[in-house]
Amino acid sequence: MKKNLFFILIYLFLSIPVYAVYDMKIPVEGDSIANDSLQFYTRKEMYSFLTELYPSCTEFSVKDTQVIHYPYDVKKKNNKYIKGYWKELWSIDSCGKVTQIPVTFHIGKKETQFYIEKNLILPE
């Protein structure tokens, strides 16, 4: 009986809604050369990280993106990129605080991956 009550209380606690407003419009503001899918997943991970950085903030939006290093070390096969890198700087508004987040995109044979360079983040 006590176990059941414990699990019920945990369920009720975890089901308390936490409301945050995430601006998810595509394409993002600025000059990003990432496609819509990459923009979506990059922004999703950034918002998750910023929620930890600013726990009391509930509103996030991309204010600007800049390409800071255009694709380099690029390799093409059949007119399709299969290798290369580029870097962007994303500016995210978190409750009035603008955080600049550098991102590196890696082009691979099957997909392009991104890495948020958390150690280089420049909070306002």
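In this chain, numbering begins with 1 at the start of the sequence shown.
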### Message
Can you list everything that forms a salt bridge (charged side-chain N to carboxylate O under 4.0 Å, His left out) with Lys83? Sequence neighbours excluded, please.
### Response
Asp73

## Note on the structure
CD (Gln100) and CD1 (Ile92) are apart, to the nearest 0.5 Å, by 10.5 Å

### Task
Any chance you could measure Thr51, atom OG1, to Phe60, atom CZ, to the nearest 0.5 Å?
4.0 Å

### Task
Spell out, as yes or no, whether a donor-acceptor pair under 3.5 Å connects the side chain of Thr65 to the backbone of Glu29.
yes

### Query
Quick one: are the ring centres of Phe105 and Trp86 less than 6.0 Å apart?
yes

### Task
Considering non-hydrogen atoms only, spot the tightest contact between Ser94 and Cys57 and give its length.
C-SG, 3.4 Å

### Query
Do Val103 and Trp90 come within less than 4.5 Å of each other through their side chains, counting heavy atoms only?
yes

### Query
What heavy-atom pair brings Asp93 and Cys95 nearest, and what distance separates the two atoms?
OD1-N, 3.4 Å

### Task
Report yes if some heavy atom in the side chain of Lys97 is under 4.5 Å from a heavy atom in the side chain of Tyr54; otherwise report no.
yes

### Query
Are His106 and Phe114 near enough that their ring centres are under 6.0 Å apart?
no

### Message
I'd like to check Glu111 versus Gln113 (side-chain heavy atoms, cut-off strictly below 4.5 Å). Are they in contact?
### Response
yes

### Message
Starting from Tyr72 and following side-chain heavy-atom contacts under 4.5 Å between hydrophobic residues (I, L, V, M, F, W, Y), which residues can be reached?
### Response
Tyr85

Let me have the donor-acceptor pairs involving side chains of residues 30-41, under 3.5 Å, with sequence neighbours excluded, atom names and distances please.
| residue | atom | partner | partner atom | Å |
| --- | --- | --- | --- | --- |
| Ser32 | OG | Ala34 | N | 3.2 |
| Ser32 | OG | Glu88 | OE1 | 2.8 |
| Ser32 | OG | Glu88 | OE2 | 3.2 |
| Asn35 | OD1 | Ser37 | N | 3.2 |
| Asn35 | OD1 | Leu38 | N | 2.8 |
| Gln39 | OE1 | Val28 | N | 2.9 |
| Gln39 | NE2 | Ala34 | O | 2.9 |

#### Entry: Polar side chain donor-acceptor pair, Ser91 to Lys63, under 3.5 angstrom
no

### Message
When you compare the side chain of Met46 with that of Ile116, does any pair of heavy atoms fall below 4.5 Å?
### Response
yes

### Message
Is the shortest side-chain heavy-atom distance between Ile101 and Leu50 below 4.5 Å?
### Response
yes

### Message
Hydrophobic clusters here meaning ILVMFWY residues chained together by side-chain heavy-atom distances under 4.5 Å, can you tell me if Tyr47 and Leu53 are in one?
### Response
yes

### Query
Tell me, do Thr42 and Lys44 make a side-chain contact under 4.5 Å, heavy atoms counted?
no

